[in-house]
Amino acid sequence: MFLRDVLEGLGKQQKTLPCKYLYDEIGSRLFERICELDDYYLTRTEAAIFSDNMVDMARQIGPGAAIVEPGAGNCEKVQPLLEQLDSPRGYYPIDISPEILLAARARIIAQLPDLEVQASVGDFTRPEVWRELDDLAAGKTVLFFPGSTIGNFDPCQAGELLQFFATRLRSGDAILIGTDLVKDSVVLERAYCDSEHVTAAFNKNILARINGELDADFDLSLFAHRAFYHPLRQRVEMHLVSLKEHCVRIAGRQVRFAEGETIHTENSHKYSVTGFNRLLDEAGFAPIRHWSDLQQRYAIHYAQVA
Ligand code: AVJ
């Protein structure tokens with residue numbers, strides 16, 4: 001529950017907020033704008049890897065596959081794949097934002113009228129939303145998990161999530177998953193601290209959301225966006241820094257902020273190809289191959305349930 005998660009996160013020594021709450025309708029739209037920024041190379045690079053290798057990927061997946069997409073959002077990335085695949089069985093997007101998901105579903109149905117499309121609204125890390133997909137007709141299922149979404153989870157949780165995915169699948173089923181690669185910290189930090197301040201607005205929106213939904217009085221002008229690469233943890237951390245000592249009221253409770261104290265709002269983990277293959281392997285997916293860009297900024301992995 002939102003209130004419980006917020007109070008729990010802000011009650012910790014290092015204050016945190018679960019990053020999934022960044023993605024309400026406004027947050028999801030801000031994130032779409034981030035994806036179009038020059039500084040945010042991830043989306044563009046991934047799209048280029050897909051378009052350069054789509055025929056190859058469709059051949060690797062083979063005919064009659066069902067595509068399940070956890071965290072599908074606007075479902076735009078999957079479209080070229082669905083068009084390239086040999087007679088796909090169906091497309092099953094899952095997302096927590098019903099507005100964006102249902103609009104996307106209508107668009108896909110209009111563009112690919114012969115394809116079965118069934119959208120599930122919910123948190124894809126919870127078993128409930130997968131129950132509706134339990135009886136997908138026999139045949140190969142491929143999880144489509146682009147966008148480096150897996151990077152939001154720390155490696156331990158990421159391994160657990162992949163394992164959770166693997167147990168939802170049958171032998172021979174597969175995952176097509178995008179990961180941002182470890183690289184120069186200047187390039188990484190520019191991607192999360194963009195010159196147009198869209199990421200700052202995206203980060204602060206979580207406070208606006210708490211104000212709107214939980215009867216709180218965060219003053220957004222008292223917080224600054226901060227993002228930095230942590231080389232040992234191999235992740236970009238996103239924080240909101242309190243600019244002075246003050247108190248915030250949330251649903252009748254007081255939360256105190258010291259000057260310079262931060263709320264840790266998101267992690268974006270980076271992997272090497274070998275590091276990610278190890279994670280896949282430990283989770284029950286045999287890594288088959290990967291595609292990357294010339295600059296080795298980003299990788300798309302294909303792995304199969306043993
Ligand atoms: C949606 C998790 C892939 O980590 O790059 C982008 C989220 N946060 N800018 C990422 C994000 C700030 C994004 N992912």
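Basis for what follows: all heavy atoms, side chains included, without hydrogens, waters or symmetry-related copies. Please read all numbers here as calculations on a predicted model, not as lab measurements. Residue numbers count from 1 along this sequence. Read the numbers this way: they start at 1 and go in the same order the structure lists the ligands and their atoms.
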Subject >> R278 and E282 ion-paired at < 4.0 Å >> reply: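 Between E282 and R278 there is no salt bridge, as every charged N stays at least 4.0 Å from the carboxylate O atoms.
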Original post:
Are any of the side-chain nitrogens in K77 or E46 under 4.0 Å away from the carboxylate oxygens of its partner?
Top reply: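 Salt bridge: yes.
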**OP:** Any atoms of ligand 1 less than 4.0 Å from a non-hydrogen atom of F202? List them with their elements.
**Re:**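 Under 4.0 Å from F202, ligand 1 has these atoms: 8 (N), 12 (C).
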Original post:
Can you list the atoms of ligand 1 that are under 4.0 Å from a heavy atom of L42?
Top reply: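 Ligand 1 atoms under the 4.0 Å threshold to L42: 5 (O).
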Return a yes/no value for [X]: is any of its N or O atoms, backbone included, closer than 3.5 angstrom to an N or O of ligand 1?
X	value
S268	yes
Y192	yes
E266	yes

Subject >> Quiz item: cation-pi between R44 and Y40, 6.0 Å / 45° >> reply: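 No.
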Original post:
Please state which protein non-hydrogen atom is closest to atom 3 (C) of ligand 1 and give its distance, to 0.1 Å?
Top reply: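 Here the nearest protein heavy atom works out to G147 O, 2.8 Å.
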Original post:
Starting from atom 13 (C) of ligand 1, which protein heavy atom do you reach first, and at what distance in Å?
Top reply: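 Of every protein heavy atom, Y40 OH, 3.3 Å lies nearest to atom 13 (C) of ligand 1.
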Original post:
Which part of N203 is near ligand 1, with near meaning a heavy atom under 4.0 Å away: side chain, backbone, both or neither?
Top reply: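 Neither; nothing of N203 gets under 4.0 Å from ligand 1.
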**OP:** Tell me which part of T199 gets within contact of ligand 1: side chain, backbone, both or neither, using heavy atoms under 4.0 Å.
**Re:**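 Looking at T199 and ligand 1, just side chain atoms fall under 4.0 Å.
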Original post:
Does ligand 1 have any atom sitting under 4.0 Å from a heavy atom of Y23?
Top reply: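 Contact present.
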Subject >> F144 and its ring-ring contact (aromatic ring centres under 6.0 Å, His included) partner, picked from Y91, F50, Y92, Y302 >> reply: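 Of Y91, F50, Y92, Y302, ring-ring contact (aromatic ring centres under 6.0 Å, His included) with F144 is met by F50 alone.
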**OP:** Over 60° means perpendicular and under 30° means parallel, so classify the ring planes of F223 and H246, tilted if in between.
**Re:**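 Because their plane-to-plane angle is over 60°, the rings of H246 and F223 count as perpendicular.
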Original post:
Does the ring centre of F145 sit less than 6.0 Å away from the ring centre of F165?
Top reply: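 They qualify: ring centres under 6.0 Å apart.
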Subject >> Flag for T179-H301: side-chain donor and acceptor within less than 3.5 Å >> reply: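 Judged by distance alone, the side chains do pair up.
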